[in-house]
Amino acid sequence: MLLNAVIIILREVLEASLLVSLLLVIALHFKLGKGWLFAALTAGLIGAVSLALNLQVVSEWFEYTGQERLDAAMLLVIFILLLLIVNLAMLATEQHIIKPTWRLSLQSCMALVLSFAIIREGAEIYIYLSSFVNHPQQIGTVYVGSLIGAAIGASAGALFFYSIAAIKQPLQLFIATGLSGLLAAAAASQIVPLLEQVDLLNAGPILWNTSNIIDEQSVLGQLLYAIAGYESSPSTLQASVYLGGLLLALVGLLVGVLKLRHRQLQTSLSVNANG
Amino acid sequence: MNTLIKQLFLSLSLITLSVSCLAAPIFEIHIRDHLFEPAELRIPSHTKVKLLVINHDETPEEFESYELNREKIIMGNAKAVLFVGPLEPGRYPFFGEFNPKTAQGMVIVEEQGAP
């Protein structure tokens with residue numbers, strides 16, 4: 001029971017904490033403060049509890065397809081917001097960074113994307129924990145296990161943050177936005193099995209099965225799922241959507257790299273001219 | 001006129017019958033005391049199948065399967081619908097994430113016409 005609680009809460013917290021780490025790296029680089037983080041935590045927690053308390057009603061919408069439709073909609077929003085963050089971060093010039101509108105746009109995107117991530121994970125955590133309210137003999141064990149799981153998830157996020165923050169600029173920003181792009185692709189690809197689950201999509205045959213190489217249920221598999229949406233047996237459509245999302249994110253990153261090279265070239269040219 | 005009406009009625013009946021044959025077959029899985037019943041569900045291969053999961057427990061359960069790529073929360077005393085397939089013949093395990101030690105099951109996909 002304890003181990004079960006640890007694993008369930010760890011998995012949910014890990015997905016959100018990795019996102020927080022990436023967003024914090026980007027926010028620190030552009031000196032955006034932490035207001036967006038507290039806004040996201042508040043909105044996310046309120047949203048998570050609201051969704052959890054109404055999940056039965058939501059599940060019955062549209063002939064028992066409501067849960068999947070809502071989840072898919074949130075994933076789509078997360079995908080779009082992460083792409084926006086990648087593009088805002090990569091296309092920003094020195095003139096952009098000081099403008100309040102640009103800063104507010106990036107802060108809003110980060111607050112919103114984190115809110116939706118917290119709503120998705122938090123609702124499941126709330127449902128799981130509240131199911132033990134009428135089982136006093138188990139509550140203690142479950143809550144201790146949950147705290148341990150949350151602590152491990154948060155620690156993993158902290159480790160992730162400090163690892164990336166230790167990298168020198170400009171590579172640090174590219175890695176943070178690159179990994180955000182990976183999360184975007186993962187979010188988009190998760191829409192596919194959700195809609196297939198309620199017969200709203202035909203995802204096509206399974207392309208491959210790599211569960212004998214990396215099992216989804218292993219620690220590595222779970223980590224890869226949290227950071228990159230690893231799927232051992234993806235359908236044709238799921239793999240295509242993942243690839244498409246990745247390409248879209250890469251476009252933003254490529255433009256950022258090209259701009260950086262252009263700036264470096266201009267700087268060296270002007271140094272040579274003056275020297 | 002009577003012949004025409006009879007022909008129309010017959011055509012409509014045949015269409016309705018054939019369309020209803022195309023609808024996905026429905027299988028029920030019941031959750032009682034954190035156990036799946038049946039623990040082994042046999043379904044035909046290469047067929048889209050509708051699973052009706054009925055949770056008789058007070059507490060919610062999450063029906064999950066890595067092999068089937070399915071994940072859905074079913075609240076206490078509630079039911080949920082999800083589709084699986086078309087699948088190749090084989091064994092596809094599933095479990096209840098909130099009670100994984102007890103809530104375990106297997107979807108066994110068999111070739112059509114198998115005994």
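Atoms considered below: every heavy atom in the structure, side chains included; atoms not considered: hydrogens, waters and symmetry mates. Here is the naming used below: chain letters follow the sequence lines, and residue numbers restart at 1 for every chain.
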- Task: Start with the C-alpha distance between A/Arg11 and B/Glu64, add both sets of side-chain angles, then the distance that settles salt bridge (charged side-chain N to carboxylate O under 4.0 Å, His left out), and finish with yes or no.
- Result: CA-CA 14 Å; A/Arg11 279 167 58 173; B/Glu64 189 160 350; 3.0 Å; yes

*asked:* One pair to check against side chain to side chain contact (heavy atoms under 4.5 Å, CB included): A/Ile206 and B/Glu88. What are the steps and the verdict?
replied: CA-CA 10 Å; A/Ile206 302 290; B/Glu88 296 291 321; over 6 Å; no

A quick test of your reading: do over 12 heavy atoms of other residues, nucleotides or ligands sit less than 6.0 Å from [atom1] of [X]?
X: A/Gln137; atom1: CD; answer: yes
X: B/Asn77; atom1: CG; answer: yes
X: B/Glu58; atom1: CD; answer: no

If one checks every heavy atom of B/Lys101 against chain A at 4.5 Å, the contacting part turns out to be side chain

Separation between CD (B/Glu62) and OG (A/Ser131), nearest 0.5 Å, reads 11.5 Å

One should read off an interatomic distance between B/Phe83 CZ and A/Leu200 CG, to the nearest 0.5 angstrom, of 9.0 Å

What part of [X] gets closer than 4.5 Å to chain B, counting heavy atoms only: side chain, backbone, both or neither?
X: A/Gln238; answer: side chain
X: A/Glu68; answer: side chain
X: A/Asp199; answer: both

For B/Phe98 and A/Ile127 the tightest heavy-atom approach is CE1-CG2, 4.0 Å

Tightest non-hydrogen contact, residues A/Ile8 and B/Glu97, listed as CD1-O, 3.2 Å

Could you tell me whether the side chain of A/Gln197 and the main chain of B/Glu71 form a donor-acceptor pair under 3.5 Å?
yes

Review point. So, A/Gln67 side chain and B/Lys72 main chain: donor-acceptor pair closer than 3.5 Å or not?
Key: no

Evaluate the side chain to side chain contact (heavy atoms under 4.5 Å, CB included) criterion for residues A/Glu216 and B/Glu67: first the C-alpha distance (whole Å), next the side-chain angles of each, then the deciding distance (0.1 Å), finally the verdict.
CA-CA 9 Å; A/Glu216 270 179 70; B/Glu67 286 79 1; over 6 Å; no

Counting heavy-atom pairs under 4.5 Å with chain B, the top scorer among A/Ile7, A/Val198, A/Asn134 is A/Val198

Counting heavy-atom pairs under 4.5 angstrom with chain A, the leader among B/Thr59, B/Ile74, B/Asn69 is B/Asn69

